[in-house]
Undergrad: 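Okay, handing you the structure first.
Just follow the structure's listing: the first ligand is 1, and inside any ligand the first atom is 1.
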Amino acid sequence: MTTKSKAPGFATTCIHAGQEPEPITGAVTVPIFQTSTFVQESFGNPRQGYEYARTKNPTRLALEKQLAALEGGAKVPATAHAFASGMAAETTLMLSLVKAGDHVLVSRNTYGGTYRLFSKVLENFGVTFAYVDTTDAKALRTAVTPATRMLFVETPTNPTMEISDLKALAALAKSESERIGAKIRVVVDNTFATPFFQRPLTLGCDIVVHSTTKYLNGHSDSVGGAVICADPLDGAKIGFTQNAAGAILSPFDSFLVSRGIKTLPVRMRAHDANGRVVAGWLAAHAKVKKVFYPGLSSHPGHAVAARQMSGFGGMISFDLGSIEAVKRFLDRVVVCALGESLGGVESLISHPASMTHASVEPEERLRRGITPGLVRVSVGIEDVEDILADLENALAAV
Ligand SMILES: *Cc1c(COP(=O)(O)O)cnc(C)c1O
C-alpha cells in the first residue's frame, strides 16, 4: 500500500500491512500455508528464504509484518515475532534478553501468569525480579541496582487498571542506563490497550509484548502472543530464539489473528464506547463499592491515561464487598459469560482472586488490591442496553 508518499492511517495499516495478494493466484487474503517444509529451487537455493516452517512461514510472516507496522508505524521501523501464546512470547523475550545475574523490575500489579513465569520459573535460572510501583517513575529510581537490565511494565494493569507514565519510564530507564553503564530495556505488555489506543514504542519504550489471544484476535478463538522490538538488534535476538526454542504461532492461528486485526479499529471503538457507559453506570450503582476504570475522572491514573492513550477500552473491575456477594452476582449473569480471558466481541466476566490470579499467593494478592469482592468485566460489543440489563438483574441478587 504505497500509493502516496504520506504514511497510511491506522485502519488502513490494520487491513493492508503485510497483506499483499498471493503472487500465484492473486488471492486477496494471505492463504494458510499449512506446510512444514518447502521444496528448494535447486541445491542450496531455498525459495525466498523459505526452508522449514518453524523458521519462517508465509502466513506467520504476514501477521508479523502487520504487527510491526501497528506498533511501530512510520516513526519506528519495528520488527515483530509471533508465538503460540502470550506466555510463549514472554518466555522467548526473557530467554533472549536476560541471563543469570540480571535483575528485572516488574509492575507490582502484572498479569498473574507473568508473575508465575518470573517468580516460579525464571528465578530458578538466576534472574532476580523486584515487583515495584511503576505508577511512580521518580520513586522507581531507588529500585534500580547495578544489575538491572529490564523494566517490565503493564499499563493499564490487570485487574486494578493502574496506569504508568510510559514516557516518564522511558526517560528514567535512559538516565539510569547511563548512570549504571548498562542498557535497561523498557518492555510494555500492551495487551489491554492494543496499539489502537496506545503505542509504547512511539513513546520511547523498547519492546512491546502481546497476548494476541485478547483484543488483537478479538474473537476468543485463538491463543497466541507477540514480541515487537524497536531496535532491529533486539528483533534479531528474538528471531533467533523464536527459531531455536520453537514456540511459534501456527499458520491457522496466524491467519485468525491477521483477520482479527483487520477489524481492530471498529471493535476497539465499540469496546471503548460500551466501556465508558458501563463504568459510569457501575460507579453510580448503590451496590457497587468501587470501580476501577481509567476513563473515570476519579481514577488516580486518569490524567496520564488521557494523555498517553487515545481511548480507555472495555476493561473494568469493580468491588462488591465480599466473596458471598460475588457468588450471588456471578451465578446470575447471562449476557456477560462467566469465564477467564478478555478482549473478545462477547462480554466476559470473572473473579480475579479465584480465577486469573489464583496463581498469586493470597497475601501478595491483597497487596495488589485484588480483594475477595473484586469482579472484572471485559465489556463486549453487544448492545450496551443488554449488558446493563444483565448487570442490573444480577446485582439485584446481591
Ligand atoms: C492473557 C494475558 C497474558 C498471557 O497471554 P496468553 O495468551 O494467555 O498466554 C499476558 N499478559 C496479559 C496482560 C494478559 O491479559
Undergrad: Do the ring planes of F329 and F318 sit parallel (below 30°), tilted (30 to 60°) or perpendicular (above 60°)?
TA: perpendicular
Undergrad: List ligand 1 atoms under 4.0 Å from E154, heavy atoms only on the residue side.
TA: 13 (C)
Undergrad: What atoms in ligand 1 come closer than 4.0 Å to a heavy atom of T213?
TA: 7 (O)
Undergrad: Would you please say whether a donor-acceptor pair under 3.5 Å links the side chains of S107 and T110?
TA: no
Undergrad: Return yes if a side-chain donor-acceptor contact under 3.5 Å exists between N217 and T212, otherwise no.
TA: no
Undergrad: Quick one: sort the W281 and H285 rings into parallel, tilted or perpendicular, breaks at 30° and 60°.
TA: tilted
Undergrad: Tell me, which protein residue and heavy-atom name are nearest atom 1 (C) of ligand 1, and how many Å apart are they?
TA: K214 NZ, 1.4 Å
Undergrad: Any chance NZ of K138 has more than 12 other-residue heavy atoms, nucleotides or ligands included, within less than 6.0 Å?
TA: no
Undergrad: Can you find an N/O atom of T114 closer than 3.5 Å to an N/O atom of ligand 1?
TA: no
Undergrad: Evaluate the side chain to side chain contact (heavy atoms under 4.5 Å, CB included) criterion for residues Q242 and E64: first the C-alpha distance (whole Å), next the side-chain angles of each, then the deciding distance (0.1 Å), finally the verdict.
TA: CA-CA 12 Å; Q242 181 190 46; E64 291 173 339; 3.2 Å; yes
Undergrad: Quick one: look up the protein heavy atom nearest atom 6 (P) of ligand 1 and list residue, atom name and how far away it is.
TA: G86 N, 3.3 Å
Undergrad: Please identify which atoms of ligand 1 are closer than 4.0 Å to at least one heavy atom of G224.
TA: 7 (O)
Undergrad: Yes or no: does E90 have any heavy atom under 4.0 Å from an atom of ligand 1?
TA: yes
Undergrad: Between ligand 1 and V223, is the shortest N or O to N or O distance under 3.5 Å?
TA: no
Undergrad: Considering only protein heavy atoms, which is closest to atom 8 (O) of ligand 1, and at what distance to one decimal place?
TA: Y111 OH, 3.9 Å
Undergrad: D189 heavy atoms, cut-off 4.0 Å: which ligand 1 atoms fall inside?
TA: 10 (C), 11 (N), 12 (C), 13 (C)
Undergrad: Is a donor on one side and an acceptor on the other found under 3.5 Å between the side chain of D133 and the backbone of R108?
TA: no
Undergrad: Is there any N or O on F192 that sits under 3.5 Å from an N or O of ligand 1?
TA: no
Undergrad: Is a side-chain donor-acceptor pair under 3.5 Å present for Q66 with H16?
TA: no
